[in-house]
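Naming convention: chains lettered A, B, ... in sequence-line order (proteins, then strands); numbering from 1 in each chain. Note that the coordinates shown come from a computational prediction; the quantities given were computed from them, not determined experimentally.
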Protein chains: 2
Amino acid sequence: MDTEDAGQQARAEHGRLNRNGRVPIPAVRRLSLYLRELEALHQKDRQTIASRELGNLLGLTDAQVRKDLAYFGQFGHPGVGYRVTELIAHIRSILGTDRTWRTLLVGAGHLGTALLSYRGFASKGFQIVAAFDNDPAKIGMIVGTPPGLEILPLEKLEATITEKNVQMAILCVPAGAAQQVADRLVAAGIKGILNFAPQTLNVPEDVSLASVDLALRLEQLAFHICANLLAAERHGQQ
Amino acid sequence: MDTEDAGQQARAEHGRLNRNGRVPIPAVRRLSLYLRELEALHQKDRQTIASRELGNLLGLTDAQVRKDLAYFGQFGHPGVGYRVTELIAHIRSILGTDRTWRTLLVGAGHLGTALLSYRGFASKGFQIVAAFDNDPAKIGMIVGTPPGLEILPLEKLEATITEKNVQMAILCVPAGAAQQVADRLVAAGIKGILNFAPQTLNVPEDVSLASVDLALRLEQLAFHICANLLAAERHGQQ
DNA sequence: GCTTGTGAAACGTTTCACAGCA
DNA sequence: TGCTGTGAAACGTTTCACAAGC
């Protein structure tokens, strides 16, 4: 069987092959950025856009844009570019955001409660259907944008996941509790975790994990500021 | 002049060269992860650690760990491994977190106020010295962990940056306002921005930018969940 | 024995350059 | 003419494998 041919046929819409048999992960990340730009363009009633211009908006080359999109199908129109609404629909379908995702949140601290009020989630199809904490003072509170959500005790975690058929979880607990809660989420059938705890998590291969360590991002920023300053000095001296 | 020799001498502690003359960006990102693990090990009074074990903690190979660290110097001890406190000090020095960074925050919405209370920043040396919003209802409020910080009007942005010698900014304003505020920050001399607005920002080359789009992270998670489910199906069929 | 640091090979990603199509 | 889709080349990153050191 020829990988180059039969493989591409088989996977249809959800990801073509490179030599390795996979779509490059950086390409998947950029897909979200393309979608974000395309949605902004759609707001401005823009009908079509060329790879060159879409790339410029994001600081990428035109070839990069075309190759990224080509991993998933032939969405462009030679001589015209990409039709905005058409491409938005394709990318949503690829990313899986053409439907609703039932999500839960664990840890109703400062960050957790802020996320319960975050509008950006719902508008992309992520619906937070339950929120948990183990602090008795918080349990029973109604949090988030009205009508709001009641903070439930952690004991109800497993039952809620099953009953409400929850697919992904947002983890905002302290680092020390993160692995333990993650284990319970996985055991209860959760297939994806967005982790905000500054802690490495171990999850089985069939569970997806994305981590956001806010302090770590500032740390990286600090490094790059230092590097930029040094580069500027070198330029100045020369 | 031989790049391989003279270049390495010249840059001393802050980044050695690969063929391209730069430290790989992924290596810099992992440096923060190594630091996080090392700090946890230090808490547990661990004295030394081998590249193999440090890698295992993060799902990386031993060679990766050694190569990453070797970009910045010779920190290991053959037959022994890396001394934990020693390596922590080196990495902090490399990342620039062996000192305090004066930071400001713009946009005191749900996320912004949550970040003002986030303990993880201060413990890494990031001190938020001022907070801004343009909503008259919020201006004057005291927010964050006691003693707290007064929300200032946006007009005072430039003056505050100069007076308090602020080096980096956290941007939590709505997408529509983000570029405009970023421009003001840059003009006022800010050298690094951590952007939480779901919006592409353009900043000059000498300003560092890190972006965190929370909805985008969930979107990526959704994709990987879909991909995992498809992979499982294929496995099951075969 | 065990562990680092590092050239060289393998691998993955991006860019180039152009055939093909509107 | 303008633009996409795509092999091939260039580039960057990771892994391998081993000399050198404790």
*What integer distance in Å separates Ile49(A):CD1 from dG2(D):C1'?*
15 Å
*Side chain of Pro78(B) - closest among dC22(D), dT4(D), dT13(D)*: dC22(D)
*Take atom CZ in Arg30(B); do more than 12 heavy atoms of anything else shown fall under 6.0 Å from it?*
yes
*Within the structure, does a side-chain N or O atom of Gln64(B) lie under 4.0 Å from either OP1 or OP2 of dT15(D)?*
yes
_Comparing Val80(A) and Ile25(A) on DNA chain C - which has the more 5′ nearest nucleotide_ = Ile25(A)
*Quick one: label Gly79(A) by what it contacts on the DNA or RNA (base, sugar-phosphate, nothing), any heavy atom closer than 4.0 Å.*
base
*d(CG, Asp62(A); P, dT4(D)) in whole Å*: 8 Å
*Shortest side-chain distance from Pro26(A), nucleotide among dT14(C), dC16(D), dT14(D)*: dT14(C)
*asked:* Taking only side-chain N and O atoms of Arg66(B), does any of them lie within less than 4.0 angstrom of OP1 or OP2 on dT15(D)?
replied: no
*Can you find a side-chain donor-acceptor pair between Thr103(A) and Gln167(A) that sits under 3.5 Å?*
no
*Is it true that Asp213(A) and Arg217(A) make a salt bridge, defined as a side-chain N closer than 4.0 Å to a carboxylate O?*
no
*Just how far, in rounded Å, is C1' of dT4(D) from CG of Leu87(A)?*
13 Å
*asked:* Without decimals, in angstroms, what is the distance between Leu69(B) CG and dT14(D) P?
replied: 13 Å
*Got a sec: does the CZ of Arg119(B) have more than 12 other heavy atoms crowding it under 6.0 Å?*
no
_Rounded interatomic separation in angstrom, taking CZ from Arg29(B) and P from dT14(D)_ = 9 Å
*When you check the phosphate oxygens OP1 and OP2 of dT15(C), does a side-chain N or O of Thr61(A) lie under 4.0 Å from one of them?*
yes
_Phe72(A) CZ - dT6(D) C1' separation (whole Å)_ = 16 Å
*Phe75(A) CZ to dT6(D) C1': how many Å, rounded?*
15 Å
*Between Asp68(A) and His77(A), who's closer to the 5' end of DNA chain C by nearest nucleotide?*
Asp68(A)
_Below 4.0 Å: OP1/OP2 of dT6(D) and any side-chain N or O of Gln74(A)_ = yes
_Under 4.0 angstrom between Tyr71(B) side-chain N/O and dG12(D) OP1 or OP2_ = no
*asked:* Within the supplied structure, the quantity of interest is the number of heavy atoms (other residues, nucleotides, ligands) at a distance under 6.0 Å from Arg184(A) CZ; does it exceed 12?
replied: yes
*Out of dT15(C), dT13(C), dT4(C), which has the shortest distance to the side chain of Ala50(B)?*
dT4(C)
*Which of these nucleotides, dA17(C), dT14(C), dG5(C), is closest to any side-chain atom of Ala70(B)?*
dG5(C)
*Distance, rounded to the nearest Å, where Arg22(A) contributes CZ and dC11(C) contributes P*: 16 Å
